[in-house]
Amino acid sequence: MSHVAVENAHGLEQQLAVLDLSAADGQGGGTNRRYIPPHLRNKDVSKNVGNAFAAGRQGGYTIAPATNYGWDGGRNNFVNGYHDNRMTGNTFNRGPPRMERGRGGVGGGGYRGNRGGSFNPINPAQPMSFDAGGWNTAKDAYSSFGNNRGKSAFFNDRGNANRGRFEHGGFGGGGGGGNSRWVEESRDDGDWSKPTPRNERLEHELFSGSNTGINFEKYDDIPVEATGQNCPHHIESFQDVDMGEIVMGNIALSRYTRPTPVQKYAIPIVKSKRDLMACAQTGSGKTAAFLLPILSQIYADGPGEALNAAKASGQENGKFGRRKQYPISLVLAPTRELALQIYDEARKFSYRSRVRPCVVYGGADIGQQIRDLERGCHLLVATPGRLVDMMERGKIGLDYCNYLVLDEADRMLDMGFEPQIRRIVEQDTMPHKGIRQTMMFSATFPKEIQILARDFLEEYIFLAVGRVGSTSENITQKVVWVEESDKRSFLLDLLSATVIPSEVQDSTGDNIEKPGKDSLTLVFVETKKGADALEDFLYREGYACTSIHGDRSQRDREEALNQFRSGKCPILVATAVAARGLDISNVKHVINFDLPSDIEEYVHRIGRTGRVGNLGLATSFFNDKNGNITKDLLDILVEAKQEVPSWLESLAYEHQHKSSNRGRSKRFSGGFGARDYRQTAAGVNAGGFGGRGGRNQAGHGGTRGFGGGGFGNFYTSDGYGGNYSHSQVDWWGN
DNA sequence: AAAAAAC
């Protein structure tokens, strides 16, 4: 299984290696784009590049990645009864106009298509058994999955339903909804630390598609800083701390073998009831780092007062049962899709427990969400606006919320979100800090936001795994100079080299196998309009693509994400909405068609690739509109041991002298910050930035060498030198 | 100036 990914990765790197990125040199203008077929390229170098990449790649794949093989969401062109003719070979028919495109099917059958449908038994990548109290996860589970073949009608019924996720809750394995109240009553009573009976259907639904091939046999080189009073010692294995039978069983079902670095530290900290501010690189397992210990605590402690409150609320409201839910834990996230993703993880780790997770977010039918809440809610994942709405409608009470998590905490506390967070946390019935336990997670955490964050924390432990805000070294970062007018054609060059199978042949006449559905490309743009326009352009060019941004309907957003995830649309054009937190396996390439204006956004965007020990590639288009990010970008590249174009260095040097406000993001500086920022921008526009000049001086402008004389490999112009060298040590130290 | 997040 793993060699598939290796080959693909190898192929990707080779395809990219043949791209003459010097086309990005502004000199040539838009007509300068060209694809160099393999037989014209420098063979020696390309071989080295490929081999080096493959060698590094192997280290990252010590476990067979549990890809989506079992789901068949996009592997053939027939998805949930909807035949997609957009993906048949190279001849892309121009589909219906965008509003109709990608609807996923007549009658909504295809919506959220990868959640249901028939499945094939998967081959357990790494059989693992955890025998305690009747859990024998891998063997029993997977053999019985196999026995379920042929029952697809049942799964289709459940999984294909629009908003099918709201229907999952029962224990009866699909038992009728009529007795759900009785079911919920029985769920709450009893010993919360003991697993409830197995449910093979649910078990398969939750775990068969899991992509959690997190694995890393040897690392521990990552510098970890954990500061605070009486910081608990970290663990080395999941067995080192008592998380109870239910959590351990679900860890095994998820095929987690060892904790990631952030999990090693965060789990015992959370278990010992400490507040936490945790910073760890993208793709390093933060979600499980809080879900596992929180759930294990809830299983150990039981529902406590929340149960009585919920029951009382139900009695007040008569025969309709619990009107108001009192979640024990609340997880807040900045985007709807991220909330949904966290909820999906929570479902896994609450399998066979009495904890019922729920998710609420805007853009979706609130009535359905309310009905789902009323079936019981112990762990709530939410976006802020919808949660406030639910609170004001009396559907949610935070009176007994003992665990509060801010995921992407720096985003949750920045200007756009802070008032809502204060409304939820400080101006309502949530237990005060010191009583509740508060945890914050992010890959970036600017100092200014850290200070703000202290308002919500008590005696907290600060945890930094790696340097705060740095990028994973297993992402190869490229920055290319591309004028605005050249961006589209340059993008086509990149895509033609990586995404769509083409007729390009190598010197032996064999077709090159280009990565297809297993190789996803995520293209970021700065505006919603720009996303629409670029998606449309790519679509007319024959690429199977879709887009996600805040002006699309929630249904379309989720469907776009599913089509991307499944490989049905291997190109996704996105705004910042997709920058943070989304865990999409097989994203091999992130392209910053437009660079963001702040470095945190850049770090999160490129973090959609190179996750859980895999390697990835990020290419950013840079021109003189991007002056404000120059220095921070340079710092990031240097820190991650990436090649730095010498023109970028020159520009950063110039820019440094133009701006005294460098490095201070506008949103952190209060009232005067924005003005300072504008001054900076004005300075750029006044010509001092001098993109072209700086770039052309690149040869002698740089202060860093590029490996001495060995520099002229592929990208000789602009000092865009070097092969695709990458660290031989991946994030996990392999 | 833009994006995100409630209706």
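Chain identifiers are assigned alphabetically (A, B, ...) following the order of the sequence lines, protein sequences preceding nucleic acid strands; residue numbering begins at 1 within each chain.
Listed candidates were dA4(B), dA2(B), dA5(B). Nearest to the side chain of E337(A) is dA5(B).
Distance E601(A) CD to dA1(B) C1': 14 Å, rounded to the nearest Å. Computed from coordinates, the H549(A) NE2 to dA3(B) C1' distance equals 11 Å when rounded to whole Å. Rounded to whole Å, the distance from CE on M415(A) to C1' on dA2(B) is 11 Å. Look at CD1 on I424(A): it is 14 Å from P on dA5(B), rounded to the nearest Å. One atom, CG of L595(A), and another, C1' of dA3(B), lie 16 Å apart when rounded to the nearest Å. Rounded to an integer number of Å, the gap from Q368(A) CD to dA6(B) C1' is 17 Å. For the pair D551(A) CG and dA6(B) P, the computed distance is 15 Å after rounding to whole Å. Here the C1' atom of nucleotide dA2(B) and the OH atom of Y602(A) are 20 Å apart, to the nearest Å.
At dA6(B), none of the side-chain N or O atoms of R423(A) fall inside 4.0 Å of OP1 or OP2 (strictly under the cut-off). OP1 or OP2 of dA6(B) has at least one side-chain nitrogen or oxygen of R336(A) nearer than 4.0 Å. Side-chain nitrogen and oxygen atoms of T383(A) include at least one within less than 4.0 Å of the OP1 or OP2 phosphate oxygen of dA6(B). Between S597(A) and the phosphate of dA2(B), there is no side-chain N or O to OP1/OP2 separation shorter than 4.0 Å. The shortest distance between the side-chain N/O atoms of K528(A) and the OP1/OP2 oxygens of dA4(B) is below 4.0 Å.
Classification of the F622(A)-W647(A) ring pair by plane angle, with boundaries at 30° and 60°, yields tilted.
D594(A) is linked by a salt bridge (Lys or Arg N to Asp or Glu O under 4.0 Å) to K487(A), counting only residues two or more places apart in sequence or in another chain. Every residue two or more places apart in sequence or in another chain was checked for a salt bridge (Lys or Arg N to Asp or Glu O under 4.0 Å) with D399(A), and none qualifies.
The pair R552(A)-D532(A) does not count as a salt bridge, with every side-chain nitrogen at least 4.0 angstrom from each carboxylate oxygen.
The distance between the ring centers of F290(A) and F441(A) falls below 6.0 angstrom.
Within the 4.0 angstrom heavy-atom criterion, base atoms lie near G416(A).
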